[in-house]
Amino acid sequence: MSEGIISTAVTSALHEALRKAQTDGQLRLAVWPSLVFDIPKRAEWGDLSTTVAMGLAKGEKRPPREIADVIASHLQWKTDLFDHVDVVPPGYINLTIKRDQWFRVLTEIEQQGTAYGDSTVRAGQKVLIEFVSANPTGPLHVGHGRGAAVGDALAHLLTRTGADVTREYYVNDVGTQVETLGKSVLMRVPQEGLGVELKDAPLPEGLYQGQYISEIATAFVESQPLPAMKNGEADVAEAGRFAKDLLLREILADLHQFNVRFDAVFEEHTLYDNGVVPDALDALRAKEYVYTSEEADWLATSRWGDDKDRVVKRANGQYTYFASDIAYHVHKFNRGFQQLINVWGADHHGYVPRMKAMIHALGYSENSFQVSLVQLVSLVRSGKPVAMSTRAGEFVTLREVMDEVGVDAARFFFLMRRSDTPLDFDLDLAQRKSNDNPVFYVQYAHARITSLFKMAQEQGMNVPSVSEVDLTLLGFPEELALVKKLAEYPELISESARCLEPHRVAYYLQDLAGLLHSYYYKHRILQVNASALTLARLVLMGAVQTVVRNGLTVLGVSAPETM
RNA sequence: GCGCCUGUAGCUCAGUAGGAUAGAGCAUCGGACUUCUAAUCCGGUUGUCGCAGGUUCGAUUCCUGCCAGGCGCGCCA
């Protein structure tokens with residue numbers, strides 16, 4: 001786990017203290033405890049707090065208070081790092097860090113810049129993040145948008161922890177959906193003799209109803225000579241392929257506008273073109289994980305906790321969707337990826353057990369495969385829910401939301417909540433230019449600092465480097481609070497990445513922006529007669545700006561210079 | 001019926017590899033603009049952490065049961 005400069009120093013001090021206590025025979029430490037710190041809830045409990053003593057009490061067979069005293073006695077003399085060390089019942093060790101130690105963070109940020117917050121936990125690891133993967137049978141809706149924002153943010157997060165990340169979009173272009181798409185398009189072809197002349201009449205049950213189908217139909221006939229369309233079967237396939245390609249292009253264009261770029265688009269049909277599906281199943285059959293029963297082939301997923309075994313090849317000889325998934329994931333591993341992350345709509349959670357079982361069957365460890373489930377998005381306008389009905393083909397598309405509220409607001413709102421809980425997306429709030437709009441509030445912090453720098457420049461001051469200023473001048477509690485918040489950032493990133501929870505970054509940024517606005521209002525930064533103080537404050541502002549920008553970048557939200 | 005997720009302030013939600021007196025925003029009420037962006041800030045008010053047991057020195061966090069809501073349970077994709 002990556003840690004900030006302060007936590008690293010404190011951890012090693014604690015480690016040292018424990019070792020000393022052990023060599024002195026004060027603690028036996030049969031099992032070495034994990035050295036974790038919390039940021040205490042109350043200021044009087046210090047900057048960092050640890051409960052190691054309480055955890056050790058059982059093994060040492062001594063009261064936690066005594067153990068804490070022992071540890072504290074070995075920490076006490078590190079006066080360069082600690083201002084003071086307190087032991088509080090029942091056995092907390094509360095550490096107060098020397099003020100000047102905190103300010104080292106500013107040097108750190110200045111040196112690392114856009115890399116501040118990066119770590120090496122996943123260095124050398126090849127990670128594949130598969131997300132969106134919407135079937136190309138219509139435009140993306142807001143739910144897909146949330147998946148796109150989450151997947152992309154996860155990709156950023158893992159990149160920050162050193163991973164070599166590939167973003168991939170999987171296209172289900174085998175099976176009935178593309179066929180249905182083809183049929184739907186043909187029904188809307190505006191030519192007599194081929195389509196129904198009832199242009200706007202509802203299509204038969206099960207076909208795609210949206211207006212976009214008619215548009216595709218028009219494009220389809222224009223794309224090829226009429227006489228070529230003769231026999232039904234071939235036309236359906238042709239129309240389906242045409243529509244799929246067109247819709248996929250539009251989907252990727254929407255995502256492009258949404259600032260999501262995929263490194264690869266993987267089409268299901270290539271698995272069949274290259275025989276990957278039968279190969280994968282044969283390999284599993286060789287391990288006796290695939291068997292035949294009632295004329296169908298099954299994967300024995302129940303061996304690894306699934307409710308029942310799953311059909312991979314139906315009695316009629318057709319492969320199931322699950323068979324494609326098996327082959328696809330074999331293919332992912334064969335391409336050298338060590339960690340596979342799939343971002344799915346939460347309605348697919350029922351597939352997770354069979355997928356995990358499949359990973360086992362393939363011989364990979366369970367934690368090499370993770371699924372991030374993304375819950376539904378409900379749009380709210382003027383306090384009332386916006387009606388959405390997929391059945392009638394009326395749903396709010398990602399494009400509509402993007403056009404209405406902008407890419408930044410959309411992305412931030414999608415990432416504002418834990419992704420596995422439903423999201424109420426307030427369209428009014430997202431457009432508001434005031435402090436109750438979180439994305440605005442955070443971006444404004446960034447723009448405000450830029451504006452400040454501009455003003456400083458007009459007064460003949462450039463933002464100095466840390467080495468040129470006297471940081472001891474930053475004596476206000478608000479200044480220390482900002483620095484402490486900045487120090488949290490590296491751990492925030494590594495923890496968000498470990499838990500696959502980008503929303504933590506959104507919360508952090510709101511906190512940081514709050515501290516900034518509050519400070520800005522309370523203390524004038526550009527002092528007239530105290531240029532040394534002003535310079536020190538400019539350094540602090542520069543650091544805040546760097547971290548705000550880094551955090552927004554993780555979320556895929558821009559950091560504007562002016563607003 | 002079985003499985004997964006959720007239940008925290010009036011509303012929207014954080015917080016859980018067990019830790020101290022449970023937090024934020026919104027709403028509401030009351031304040032602050034000769035000012036580097038008031039596009040902002042400051043202050044007041046708000047809780048049986050769904051309910052009931054259990055494990056523990058300590059539970060919002062872990063376990064069990066119940067209640068409520070959402071989703072999922074095909075040789076569909």
Side-chain angles (χ1 to χ4, degrees), chain A residues 34 36 38 40-42 44-45 49-51 54-55 57-58 63-65 88-92 94 135 137 172 174-180 268 293-298 306-308 310-325 345-353 373 375-376 380 383 416-418 420-424 426 429 432-438 440-441 443-445 447-456 458-459 495 498-499 501 503-504 506-508 510-511 513-514 516-528 534 537-538 541 562-563:
Chain A
S34 58
V36 277
D38 290 321
K41 282 177 252 183
R42 306 174 78 85
E44 64 259 36
W45 295 335
S49 172
T50 178
T51 58
M54 277 117 97
K58 211 170 178 184
R65 177 68 200 261
V88 180
Y92 293 97
N94 293 341
N135 292 335
T137 54
N172 294 122
V174 176
T176 59
Q177 289 205 55
V178 173
E179 197 185 315
T180 307
E268 183 183 5
S293 169
E294 299 169 45
E295 294 176 37
D297 292 345
W298 304 70
D306 196 10
D307 294 338
K308 47 181 273 196
R310 304 292 172 175
V311 171
V312 291
K313 191 179 184 182
R314 298 191 287 234
N316 66 11
Q318 283 189 313
Y319 291 105
T320 60
Y321 181 86
F322 186 46
S324 298
D325 263 336
D347 53 341
H348 289 77
H349 73 257
Y351 282 78
V352 175
L373 295 173
Q375 276 285 5
L376 293 177
V380 177
M416 230 166 38
R417 304 277 176 250
R418 238 175 55 208
D420 63 347
T421 62
L423 170 70
D424 284 327
D426 187 331
L429 180 60
R432 216 171 293 157
K433 291 185 188 327
S434 65
N435 62 351
D436 49 358
N437 178 357
F440 177 84
Y441 189 75
Q443 286 185 314
Y444 180 47
R448 208 169 204 187
I449 294 171
T450 304
S451 158
L452 188 66
F453 289 167
K454 220 170 280 170
M455 188 66 67
E458 282 167 19
Q459 295 177 19
E495 282 298 285
R498 185 178 65 79
C499 303
E501 291 184 349
H503 74 275
R504 297 186 187 202
Y507 274 92
Y508 172 87
Q510 291 177 75
D511 285 350
L516 183 274
H517 289 309
S518 176
Y519 172 65
Y520 180 96
Y521 187 85
K522 195 161 179 183
H523 302 290
R524 193 180 169 82
I525 289 151
L526 303 177
Q527 299 284 330
V528 190
T534 298
R537 288 180 171 176
L538 286 175
M541 290 300 100
T562 57
M563 292 182 75

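In the text below, chain A, chain B and the rest are named by the order of the sequence lines, each starting its count at 1. In this text, all values refer to a predicted model and were calculated from it rather than measured experimentally.
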Check: [X] side chain, [N] base, donor-acceptor under 3.5 Å:
X: A:Ser49; N: B:rA20; value: yes
X: A:Asn94; N: B:rA20; value: yes
X: A:Arg448; N: B:rU40; value: no

**Study point:** Who pairs with B:rC73 - Watson-Crick or G-U, where each distance is under 3.5 Å
**Key:** B:rG1
Practice item. For B:rA39, give its Watson-Crick or G-U wobble partner with both distances under 3.5 Å, or none. Key: none
**Study point:** Candidate nucleotides B:rC5, B:rC41, B:rA27, ranked by approach to the side chain of A:Tyr521 - the nearest
**Key:** B:rC41
For [N], take OP1 and OP2 only and decide whether either is under 4.0 Å from a side-chain N or O of [X].
X: A:Lys522; N: B:rC41; value: no
X: A:His503; N: B:rG15; value: yes
X: A:Arg314; N: B:rC76; value: yes
X: A:Lys308; N: B:rC75; value: yes

For [N] and [M], measure between their [atom1] atoms and round to the nearest Å.
N: B:rA39; M: B:rU35; atom1: P; answer: 12 Å
N: B:rG70; M: B:rC13; atom1: P; answer: 15 Å
N: B:rG50; M: B:rU61; atom1: P; answer: 8 Å
N: B:rU21; M: B:rC42; atom1: P; answer: 27 Å

Exercise for review: Look at all strands and tell whether A:Pro422 reaches a base, only sugar-phosphate, or nothing, counting heavy atoms closer than 4.0 Å.
Suggested key: sugar-phosphate
Check your understanding: Are a donor atom and an acceptor atom from the side chains of A:Arg417 and A:Tyr507 found within less than 3.5 Å of each other?
Key -> yes
**Study point:** Donor-acceptor contact present, side-chain A:His517 to main-chain A:Gly514, <3.5 Å
**Key:** no
